[in-house]
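Computation of the quantities below employed the complete heavy-atom set of this structure, encompassing side-chain atoms and omitting hydrogens, waters and symmetry-equivalent molecules.
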Amino acid sequence: MDDLLRAARWGLRILLADALRLAKRLSRARRAFVPVALLFLALLLRRLRHRRGPRQLQPLLPPRLPETLTRSLRSFDAVVVLGPAAGAGPGSSLERWLEAMADVPFTAILTEGWCSEFDDHFPHSVGKNFGGYATILSKPRVDKPPGSSRPVLRLRGAGLGLEPDEPTDESFLVFLRDLFQSKHALLVGWPMLPPGGLLGRALKDAWSQTRRRDARRTEPLAMALAAPGTTRERCFEDYGLEIIVAESALGTFAEQCFQSPADLEISNLPSFPGFGSLLDSPPVEAMHPGQGLPMSCSPALKSQVSVAESGVLPIGGEARAPPEAHGPIATALAEVCKEAPGNWLPVMPAPDLRPATLPSAKVFVEAVAQLLDVSQFSSVPLRLLRVARITKSSRRLGYRKIMGGADLMLAICPPWASDADSIGAASSATWLRVFVRPGSFVEAAHADPKNALTVTGKGWRRGVFLLAPGHFTGIFQPTDAFSPRHLGPLPKDVQEMCKTIGVKDLSALMEETIPASVRREQELDLPDGSLGESGSLALLKEMLSKNIVAKNFIGMGYHGSHIPGPILRNLLENPGWYTAYTPYQAEISQGRLESLVNFQTLVCELTGMEVANASLLDEGTAAAEAMAMIARAVNSKTKNQFFISDAVHPQTIDCIKTRARYFGMELVIGDHSKMDFASMDKLFGALVQYPDTKGRFDDYSSMAQALHKNGAYLTVAADPLSLVVAKPPSEFGADVVVGSMQRFGVPMWFGGPSAAYLATSKKQVRRMPGRIIGESLDRLGNPAYRLTLQTREQHIRLDKATSNVCTAQVLLANIAAMYSVYHRKEGLQKIAKKVHGLAQLFASEAGKAGMAVGSGAFFDTVTIDAGKSAKTVVEALQAKQLNLRAFDDGTVSASFDETHLEADVHALVTALKEAGVGGSSPTAGMTVNGQIDGAFARSGPFLEQKIFNSISSETELMRYLMTLQKKDLALDVSMISLGSCTMKLNSVSSLAPCSWPEVGNMHPFAPESQTAGYREMLTSLEKYLISCTGFDACSLQPTSGASGEYAGLLVIKKYLEAKGEGHRDVCIIPRSAHGTNPASAAMCGMEIKWIEDSRGMDLEEFKALCAEYKDRLACLMVTYPSTRAFFEDNIQEICATVHENGGQVYMDGANMNAQLGLTSPGIIGADVCHLNLHKTFSIPHGGGGPGLGPICARKHLAPHLPGHCVVNPSTAGSDPAGAVSAAPWGQAGIACIPWMFCTMLGKQGVLDSGRYSILNANYMKSRLEPHFDIAPTNKNNRCAHEFIMDFSEIRKRSGIVEEDIAKRLQDYGFHAPTMSWPVPHSLMIEPTESEDKAELDRFCDAMISIRKEIAKIESGEWPADDNPLKNAPHTQQEVCASEWKHCYSREEAAFPAAWLLKRGKYWPTVARVDNSLGDRKLKLRLEA
């Protein structure tokens, strides 16, 4: 009876307060008393009906509230609102839906922002001045008899621990079960709420218990989540949703929302594992108001933040100041983003409410909001509710409306949440406040010294949670969003460009460009892009900080190296070097060509060979290329065996095994010292290591002689630093020398990139793989460098090419060359002697300690007998962050490099002794003098060229680098519109991590315990690429696009063999394919069948070809969009035809930039593809490398992804096709660039990259169409991300060819587009998404101006043999000469456009280079 009387008094008080407030409003409006009385009676009836049972009366609501909301809310027994902001004024949407919920017996409100009226309306609230962070309003549980045990809700710290006072107390589960006792509950979501975690588990537990107790209850929990992308119609048709819209965050009313249903959409809600590790440890014990916020902190999180001696994590910032990035809340937020950066739930994507900018919301996320664990409710109908942001006008809102008749409100509010007059000075530095309604059933609510809230009462059922993060609005969002910096056109430019194209908007252009059948509807599974550049860098830094940069003595071809500061700053980190393209246009590439000649000269001098190429991908694949090269030099039909010494690095052997398999070669692996090479007449070559994998030198003279007598060749894999002081391989009969220049100033980068080399004799020059730089003369007779013997390359020879190598390692080769220029010959000798001296010291000290040191001459690597399990010894030293290499024979080795110090040697010896190594009789120490054993010491002159002996100061090196840079045209000068090359922005933020120690100083074979950061980053990048391609698996091992092609075809071959169809060997390739396609197929032993595709593949012809070879068909290699520059309509039918005839579909990813978020290889029907991350995902081209060409594949091909013999990557298949790179993850050091690209741009930015690339191409095409012939595009006359200009008619009429136009563009300050491919006499233009409209217009204006110049030739005004196009480019030397013999002016020659005077003139340093002369007279190195 007491309870009933108390409830009656309580209800009457609420009723009177409501009526009084309404009366005041109406009286101010001079209303009559009768309406007031009627309103009072209406309210009374509403309350009484509510107490009796089902609700029949509509609540009193402002007229703007949608009837849908009112009707729907009345149908629920319980409503939980996760809402925005701090309150709402009269007439606001919040007030309206709060009134609508007045009839709901159980209400929980969770909302952002602080409501000052708490203080005004609850003057007797218990503990309101205590620290706190949550509010619960509760109504008595009518089904719980008085006097029963009191439910207790206890919230610890930052909400990371949630537990009852006693283990037997149900606590929070009671609260949840009360919620679920209702027949039907509504949960309304908001943007800060990820699913999963402790409360998610509690919710599931309570829900399951409720269902078990009442089996008749069949209506499941209705969870309401709002996310972008769901139309109203789609909600009803696809999901059975009932949409309830009150007011958008931007102030758009519900009626307006329904006018544009496309503005609402719901997406699949991802699982979210973010907090699992944070919820397992007990909370920090201390709490001092105003100083910090205690957190239940896992070891993983403790390692990320510093904990003060008091055990308090600093909040970051003083009271009333916004939190900074180092605070615990921001740290916890970063922890979540690190676990799943793309899985924040954008319930209401309002620009002023973003999770990343609401650090205090993180408290709530960790404590309460994880109720949104939707994985258990994915099949139930959802109800969607949009609610307005609450503003400061909430001071006029009565909090009886919010409490809705509940007992208790628990509020989360940071110290800076509101003004002092709103929350009171006494609580300005606290987080937790509690409000208890007078006369409620809650007896007590308080916060203990640990900031844990305890609420007790006779029985409570109805409560409100309130989150008040404070004044965090749009102004606190990151100001360095990347998307506007990456995308060229501004919004107003987009409108103008669409008008020029002739489409309504960007969406209409996409519809006309991409066939409807392949358009992608599902959004990319990428981060949301809200972190900005600095936030993304911080996230990556946190991730990679998990790497342990240990002292590495592993060796195996990877060594620590110091990159000189001036080279780091002026070359590696200089866009004038890293944004340049492969130097096909020699006149604007003289700087890096000169540097590459320095590289070739350096390699020739060290190895003693006659010629060297301008780099290969890594040592392992360089050895495989050498094997293939000499196989072509020998009659492989009679000689098909290749010998490999078992003392070669294992990863090199692994790469050769892969290559040899489909070349029909038989490998013989063994101890070279025990082989009778004179009797091995089927050998065409052999490979040895110098010094070998255990560090020993060996004289291979007799082996070379025996091989040569049988017509075989000797290949030597040599360490170039050792060759500074050791006898060059040429002196003992080597025919080919390969190796890695990594230790010449290039970081280890967890395996790459680094420049490999291949050196040989001049007679092999036309068989050499890779690019070679030679010297010729220009039109004026001046020396000029150029790419020599380009007729060897794939785009000329196709399936007859000597190699599929396309991308080299130019940037890294230039670093190695400049390292040698900087140190000079004398400095290189000092470094080599230091390294050898360290090895001598180690051998001496190890011998003195009783360790058995290996015998024989050595350079940098010393082997010792471990005396027991070598693996155990190595693991013991790894615990001390000293990494050695273990061998199966019980020995361990230590390899030294220039980064090691004398102290490191003594520390290593001490650690070995502590690990139990040694103990035998000590040996006398050896002389430590840095001198190589006399039998292997180098003698005779080398590196006598001036460039390696003249630059001694940093000043001179800086000037030399700048001199070379000025000779080149890179993206720092103007756009590079090379078709199928995607020369987009390479942002500084994405490249910056490459210089971090935790990125550069990691050995690829370091133990897994030290590489957690790298593995996490690589795994997340793989997931990003899988999402972009629509496939199921990914391998990052391929080191270039061509390497990716080869890997993908190997996977297909392995798959066919595994299913008993290894005989399939026919590969169909369109005529327009990249030259590497047929070369890669030939390397896999496939027979190429061509099909014409000038206007797209003819479907009937294609079907006939597939049917003809249905028993042998292995695959189709197709590029999409086509290299003809448009999306083919019938691509899915083409792929289906291949599958029907037993083949697989390989998609070349060269044009992937046009697919980003718009379609995918998976949608079109492909089975595997490679991606050019140095195109689509922003890795710079570096003047011709590095690159990264990972492959993505469908599930059935995943078991055959590449593996590795030393460290098997997690993506390696159970039946791998073989290694395609020397390192497990290929060129992992630059994988952070595409990771940053995806993280900074986010899913929308990546999608816009594809859209803007198509926009820019179609805009340029529209501008140039009236002046030039454009190759056919699709049926709507829309190109993809590039287009082709055909000059066949111009050539006939004027004699001007595409090369003339390409060279003339250099006078206008532009790099030429791709020339003569895939259409003869053409230029293919790809502007990318990064160029703004002004730059696009300048290029178009240049082309239009050139067309006018051609018209003068056609009319006879200018002679056909003396005009600006035939004489282009014009050098400064020629234009400034005293004599001018041409019929056109100097101004017309050098300044044909007005902007050249305003923006600055780029001068080519040489005139047009004579290509044929350079091929006839080979000059491939500098003379001494």
### Side chain proximity check, Thr982 to Met1152, heavy atoms < 4.5 angstrom
no
### Query
Got a donor-acceptor contact below 3.5 angstrom from the Trp749 side chain to the Cys994 backbone?
yes
### Query
Do the side chains of Ser483 and Met1240 get nearer than 4.5 Å, heavy atoms only?
no
### Task
Could you tell me the separation between the OG atom of Ser1253 and the CD atom of Glu1326, rounded to the nearest 0.5 Å?
7.5 Å
### Query
Quick one: side chain to side chain contact (heavy atoms under 4.5 Å, CB included) partners of Thr513, sequence neighbours excluded?
Leu509, Phe1127, Ile1254, Asn1258, Arg1278
### Task
For Asn1256 and Thr1328, indicate whether the former's side chain and the latter's backbone hold a donor-acceptor pair under 3.5 Å.
yes
### Query
Is there a side-chain contact between Phe482 and Ser536 (heavy atoms, below 4.5 Å)?
no
### Query
At what distance, to the nearest 0.5 angstrom, does CD of Glu1329 lie from NE2 of His1281?
10.0 Å
### Query
Ring centroid separation for His486 and Phe1237, is it under 6.0 angstrom?
yes
### Summary
Between Phe1177 and the options Leu1021, Leu1156, Ile1233, the side-chain contact (heavy atoms from CB on, under 4.5 Å) test singles out Leu1156
### Leu506 vs Tyr1252 side-chain heavy atoms within contact, under 4.5 Å
yes
#### Entry: Nearest heavy atoms of Gly1000 and Pro747, plus distance in Å
O-CB, 3.5 Å
### Message
Taking side-chain hydrogen bond (donor to acceptor under 3.5 Å, both in side chains) as the definition, give me every residue that meets it alongside Gln1155, ordered by chain and number, with sequence neighbours left out.
### Response
none
### Query
Is there a donor-acceptor pair under 3.5 Å between the side chain of Arg519 and the backbone N or O of Glu511?
yes
## Note on the structure
Between the OG atom in Ser1080 and the CD atom in Glu1045, the distance rounded to the nearest 0.5 Å is 4.0 Å
### Message
Within the 4.5 Å heavy-atom criterion, are Gln1132 and Ile1163 side-chain neighbours or not?
### Response
yes
### Query
Counting distance only, does the side-chain N/O of Thr1176 pair as donor-acceptor with the main-chain N or O of Leu1173 below 3.5 Å?
no
#### Entry: Sequence-distant partners of Thr1039, side-chain hydrogen bond (donor to acceptor under 3.5 Å, both in side chains), two or more places apart
none
### Message
Would the distance check show the side chain of Gln1010 and the main-chain N or O of Val549 forming a donor-acceptor pair, the cut-off being under 3.5 Å?
### Response
no
### Query
Checking side-chain contact (heavy atoms from CB on, under 4.5 Å) against Gln1227, which of Leu1036, Leu812, Leu1188 comes through?
Leu1188
### Task
Sort and list the pairs that fulfil salt bridge (Lys or Arg N to Asp or Glu O under 4.0 Å) and have at least one residue in residues 986-1002, not counting sequence neighbours.
Lys541-Glu998
### Query
Listed by chain and number, what are the side-chain hydrogen bond (donor to acceptor under 3.5 Å, both in side chains) partners of Thr1119, not counting sequence neighbours?
none
### Query
If we only count heavy atoms from C-beta on, is the His1074 to Ser980 side-chain gap below 4.5 Å?
yes
### Query
Taking it one step at a time, do Leu971 and Glu1331 satisfy side chain to side chain contact (heavy atoms under 4.5 Å, CB included)?
CA-CA 10 Å; Leu971 282 176; Glu1331 301 298 339; 4.2 Å; yes
### Query
Could you go step by step and tell me if Asp480 and Ser534 meet the side-chain hydrogen bond (donor to acceptor under 3.5 Å, both in side chains) rule?
CA-CA 7 Å; Asp480 57 351; Ser534 57; 2.8 Å; yes
#### Entry: CZ (Arg1015) with more than 12 external heavy atoms under 6.0 Å
yes
### Under 3.5 Å: donor-acceptor pair, side chain of Gln1037, backbone of Pro1224
yes
### Task
Quick one: do Trp577 and Asn574 satisfy side chain to side chain contact (heavy atoms under 4.5 Å, CB included)? Show the steps, please.
CA-CA 6 Å; Trp577 286 86; Asn574 185 344; 3.7 Å; yes
#### Entry: Any donor-acceptor pair under 3.5 Å from Asp525 side chain to Ser1027 backbone
no
### Intermediate values then yes/no, side chain to side chain contact (heavy atoms under 4.5 Å, CB included), Leu540 and Cys1232
CA-CA 8 Å; Leu540 184 60; Cys1232 55; 4.0 Å; yes
#### Entry: Rounded distance (nearest 0.5 Å) linking atom CE of Met1117 with atom OG1 of Thr1076
7.0 Å
### Task
Sequence neighbours left out, what pairs pass salt bridge (Lys or Arg N to Asp or Glu O under 4.0 Å) with at least one residue falling in residues 1166-1195?
Asp1167-Arg1194
### Query
Pro1216: what forms a side chain to side chain contact (heavy atoms under 4.5 Å, CB included) with it, not counting sequence neighbours?
none
### Task
Find the distance between CG (Leu524) and SG (Cys1238) and round it off to the nearest 0.5 Å.
8.5 Å
### Residues Phe1031, Cys1169; criterion side chain to side chain contact (heavy atoms under 4.5 Å, CB included); working and verdict
CA-CA 9 Å; Phe1031 285 147; Cys1169 75; 3.8 Å; yes
## Note on the structure
Contacts of Ala1228 meeting side chain to side chain contact (heavy atoms under 4.5 Å, CB included) (sequence neighbours excluded), chain-then-number -> Phe750, Tyr1014, Leu1018, Trp1225
### Task
Enumerate the residue pairs fulfilling salt bridge (Lys or Arg N to Asp or Glu O under 4.0 Å) with a member in residues 1153-1166, sequence neighbours excluded, ordered by first and then second residue.
none
### Task
Measure from the side-chain N and O atoms of Asp1148 to the backbone N and O of Ala1150, and report whether any donor-acceptor pair falls under 3.5 Å.
yes
### Task
Decide yes or no for His1181 and Thr582: does some side-chain heavy atom of the first lie under 4.5 Å from some side-chain heavy atom of the second?
no
### Query
Is a side-chain donor or acceptor of Asn986 paired with a backbone partner of Ser1178 at a separation under 3.5 angstrom?
yes
#### Entry: Ser989: side-chain hydrogen bond (donor to acceptor under 3.5 Å, both in side chains) partners, not counting sequence neighbours
Glu533
### Query
Roughly how far, to the nearest 0.5 Å, is CD1 of Ile815 from CD of Gln809?
10.5 Å
### salt bridge (Lys or Arg N to Asp or Glu O under 4.0 Å) pairs, two or more places apart, involving residues 1221-1240
none
### Task
Examine distances only and state if a side-chain atom of Thr1029 and a backbone atom of Ile1026 form a donor-acceptor pair shorter than 3.5 Å.
yes
### Message
Checking Gln1244 now: which residues fulfil side chain to side chain contact (heavy atoms under 4.5 Å, CB included) with it, not counting sequence neighbours?
### Response
Leu1247, Asp1248
### Query
Within a strict 4.5 Å, meaning less than it, do heavy atoms of the His1170 and Ser1043 side chains meet?
no
